[in-house]
Amino acid sequence: MSSQLVGWRDLPLGAVAFLSSREYQTGEWAVFQPKIDDKKCIKCGLCWMYCPDSVYKWDGENVPVPDLNYCKGCGICEVECPTKAIQMVRI
């Protein structure tokens, strides 16, 4: 196995990449991004809690805001939102 580092685009199908999204702006991978309906959001923080890449900024009081520079568009936040305030939209 080569010790040379390759970029994520060079990995074969099915490969697992161990990257920190804080080191790399992974938002360009996304096909979908979350849109939050402020009127439906109850500020429960589940999107913030369940996001695997910690892209949500949340102060515990206001509506959480995703940093789309790091959001890969996985949709976990939409699934976990109890009020369906989050909708994944194609970009």
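Within the 4.5 Å cutoff, no side-chain heavy atoms of Tyr70 are placed close to those of Asp53. At a threshold of 4.5 Å between non-hydrogen side-chain atoms, the residues Lys35 and Ile86 do not count as touching. Side chains of Asp67 and Lys57 form a contact here, defined as non-hydrogen atoms less than 4.5 Å apart. Using a 4.5 Å cut-off on side-chain heavy atoms (C-beta onward), Pro64 and Cys41 make contact. When side chains are defined from C-beta on, Ile36 does not count as touching Cys81, because their heavy atoms never get closer than 4.5 Å. Contact of the Cys44 side chain with the Pro82 side chain is registered, since non-hydrogen atoms from C-beta on lie closer than 4.5 Å.
Annotation: Lys39, atom NZ; neighbour count of heavy atoms from other residues, nucleotides and ligands within 6.0 Å does not exceed 12.
Put simply, CG on Leu46 and OH on Tyr56 are 11.0 Å apart, with the number rounded to the nearest 0.5 Å. For the atom pair CD (Glu78) and OH (Tyr50), the distance works out to 15.5 Å, reported to the nearest 0.5 Å.
Using modelled atom types, one side-chain atom of Asp59 and one backbone atom of Glu61 make a donor-acceptor pair closer than 3.5 Å.
The same ILVMFWY cluster, assembled from side-chain heavy atoms under 4.5 Å apart, contains both Trp48 and Ile76. Under the 4.5 Å side-chain contact rule for hydrophobic residues, Val65 and Met49 do not share a cluster. Clustering ILVMFWY residues whenever any of their side-chain heavy atoms sit less than 4.5 angstrom apart, transitively, puts Val63 in a cluster other than the one holding Ile42.
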Please report the C-alpha distance between Cys77 and Met88 in whole Å, then the side-chain angles of each, then the deciding distance to 0.1 Å, and finally whether the side chain to side chain contact (heavy atoms under 4.5 Å, CB included) criterion is met. CA-CA 9 Å; Cys77 56; Met88 298 303 289; 4.1 Å; yes

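In plain terms, the two heavy atoms of Pro34 and Leu68 that are nearest each other are CD-CD2, 4.0 Å.
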